[in-house]
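Take a look at the structure set out below.
Computed over heavy atoms, backbone and side chain alike; hydrogens, waters and symmetry mates excluded. Everything numeric here is computed off the predicted structure, so don't read it as measured data. Note on naming: letters A, B, ... go to the chains in the order of the sequence lines (proteins, then strands), and numbering restarts at 1 for each one.
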Amino acid sequence: GAVVSQHPSRVICKSGTSVKIECRSLDFQATTMFWYRQFPKKSLMLMATSNEGSKATYEQGVEKDKFLINHASLTLSTLTVTSAHPEDSSFYICSATFPSGYEQFFGPGTRLTVL
Amino acid sequence: GENVEQHPSTLSVQEGDSAVIKCTYSDSASNYFPWYKQELGKGPQLIIDIRSNVGEKKDQRIAVTLNKTAKHFSLHITETQPEDSAVYFCAASSPQAGTALIFGKGTTLSVSS
């Protein structure tokens, strides 16, 4: 089956620092990847859609200068949380789709804690 | 845009009973409806999905039904087991492949033995 990995699984950082999260499709090429954010006991909220070779499309209310997304290859997308603050603490999850498919395969998530 | 409502928010059943979770969507153009199971601290796992050209799909103890006219779809789990305990999310997406999913708020299913 399609496997999506994320790294790191957990990260703790100090307020004001930047954190990079990687999302990789291990056994397929993903032209589109998605980044979601999930607060405790809440649903997944779409942050942005990442297309290989082009700029990401951000959802309303998501600051593109704070959440930098790069999709440099067909198997890798990165999310960088810049100048992190405690309110950025959350569970960040990526997903990827086949080029012509509907199914989305999710990564295991990254728990970010900003002190 | 699309809006997905999910009910109930919590569901407790006895082992062996059936569980039903219902979702409604607002965009009549949506045509892909997956269900995900999420265990604590993990990413969502696709358990079953249905496209708008069929009304029902079954995979062992899990089934999904879709009523396009009423714009609602349901997840049915039969013969529930304690390991079915998790949070279940429904979602919908528009016709274009690669379009993001819009999720319901989730249902916490607890199966007691």
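- Of the residues A/Ser95, A/Ser25, A/Ser50, the one that meets the side-chain hydrogen bond (donor to acceptor under 3.5 Å, both in side chains) test with A/Ser77 is A/Ser50.
- Below 30°, between 30° and 60°, or above 60°: for A/Tyr36 and B/Phe103 the angle between ring planes is above 60°, a perpendicular geometry.
- Side-chain N/O atoms of B/Glu15 and B/Ser112 include no donor and acceptor closer than 3.5 Å.
- Interface remark: A/Leu44 contributes backbone and side-chain atoms alike to the contact with chain B (heavy atom separation under 4.5 Å).
- Between B/Lys58 and B/Glu56 there is no salt bridge, since no side-chain nitrogen of the basic residue lies less than 4.0 Å from a carboxylate oxygen of the acidic one.
- Proximity to chain A (any heavy atom under 4.5 Å) is shown, for B/Pro44, by both the backbone and the side chain.
- Looking at A/Glu103, the atoms closer than 4.5 Å to chain B (heavy atoms on both sides) sit in the backbone and in the side chain alike.
- Residues A/Leu46 and A/Val81 do not share a hydrophobic cluster, clusters being chains of Ile/Leu/Val/Met/Phe/Trp/Tyr side chains in contact below 4.5 Å.
- With a 4.5 Å cut-off on non-hydrogen atoms, B/Leu46 touches chain A through its side chain but not through its backbone.
- In this structure, chain A has a heavy atom under 4.5 Å from the side chain of B/Gln38, while its backbone stays farther away.
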